[in-house]
Amino acid sequence: MDKLKKEIKSKNLAGLCNNTKWDELLTAFRANKWTVCNRSKWINGFISDWENDWFYHLPFPFVGVEWFDIKFVKTIFIIRDGGRFEKETNLKDEILNCLSDIGVEFEVASDFVRVWGYAPKCYQEFNG
């Protein structure tokens with residue numbers, strides 16, 4: 001943790017999201033079973049791949065998260081009549097309302113929302 005705090009200070013990062021807000025976000029997504037894809041950028045520059053797990057493959061501890069992206073579309077696979085079908089549900093309105101209720105700072109991109117962990121804001125991979 002001391003290493004993270006040292007890196008945050010050396011980069012002059014200002015916190016925009018705290019542990020309480022991150023916990024509220026995770027709790028809401030888990031409770032609503034919004035298994036949409038997410039990815040994150042760590043303060044050391046590492047950007048994760050898109051992942052739809054909301055329990056184990058998260059960037060813990062969140063104190064090191066510069067930003068956290070959340071896709072709007074939830075995809076489930078249905079097997080019936082000998083075939084595999086995809087069903088997509090757009091949760092944009094629900095997700096944005098949830099983030100507003102929690103009070104985190106965020107911005108909307110084309111098909112996802114970015115929750116800011118720190119300022120200055122990094123727009124790397126924001127539109128793609």
Side-chain angles (χ1 to χ4, degrees):
M1 191 64 80
D2 289 338
K3 185 178 177 184
L4 286 173
K5 289 180 182 178
K6 188 176 183 180
E7 189 165 356
I8 291 164
K9 186 175 181 178
S10 74
K11 292 183 176 183
N12 291 321
L13 298 175
L16 297 176
C17 195
N18 60 30
N19 284 337
T20 301
K21 298 294 182 187
W22 288 124
D23 287 345
E24 288 180 41
L25 186 149
L26 294 178
T27 299
F29 274 74
R30 290 169 176 166
N32 287 302
K33 298 182 180 171
W34 292 338
T35 52
V36 293
C37 289
N38 64 74
R39 71 174 175 184
S40 60
K41 180 180 181 205
W42 198 254
I43 58 172
N44 68 5
F46 174 77
I47 298 175
S48 71
D49 291 327
W50 287 101
E51 168 72 58
N52 69 349
D53 180 75
W54 284 84
F55 289 91
Y56 304 108
H57 300 151
L58 292 167
F60 295 118
F62 269 80
V63 69
V65 174
E66 189 169 344
W67 48 254
F68 189 72
D69 290 345
I70 304 166
K71 291 264 190 177
F72 294 128
V73 174
K74 175 181 178 175
T75 304
I76 60 170
F77 299 98
I78 301 165
I79 308 242
R80 75 168 179 261
D81 302 326
R84 180 177 176 227
F85 305 91
E86 290 184 9
K87 179 183 176 190
E88 292 187 344
T89 305
N90 190 316
L91 300 170
K92 181 177 182 178
D93 292 339
E94 293 91 332
I95 290 170
L96 295 180
N97 286 337
C98 176
L99 296 177
S100 292
D101 289 346
I102 292 170
V104 294
E105 191 163 337
F106 63 87
E107 288 186 49
V108 177
S110 56
D111 63 342
F112 65 90
V113 60
R114 177 163 292 174
V115 178
W116 300 106
Y118 290 96
K121 296 173 181 176
C122 169
Y123 288 89
Q124 185 177 1
E125 297 190 26
F126 189 64
N127 289 317

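Because the structure is a prediction, the values reported are computed rather than measured. Index from 1, following the sequence.
- For the pair I95/F112, no side-chain contact is recorded, criterion being any heavy-atom separation below 4.5 Å from C-beta on.
- Formation of a donor-acceptor pair under 3.5 Å by the S48 side chain with backbone atoms of S40 is found in this model.
- A ring-centre distance under 6.0 Å is found for W116 and Y123.
- Taking the ring centroids of W54 and F68, they lie under the 6.0 Å cut-off.
- Judged purely by atom type and a 3.5 angstrom limit, K21 has no side-chain atom pairing as donor or acceptor with the backbone of G103.
- At least one side-chain heavy atom of T35 sits less than 4.5 Å from a side-chain heavy atom of K74.
- No donor-acceptor distance shorter than 3.5 angstrom exists from the side chain of T27 to the backbone of E24, with no hydrogens or angles considered.
- Note that R80 lies in the cation-pi zone of F85, set by a 6.0 Å cut-off to the ring centre and a 45° limit from the axis.
- E94 pairs by the side chain to side chain donor-acceptor pair (under 3.5 Å) definition with nothing, not counting sequence neighbours.
- Here the side chains of I76 and T89 are not in contact, with every heavy-atom distance at 4.5 Å or above.
- Salt bridge E125/K41: absent, no basic N to carboxylate O contact under 4.0 Å.
- You'll find the side chain of K11 stays beyond 4.5 Å of the side chain of Y118, heavy atoms only.
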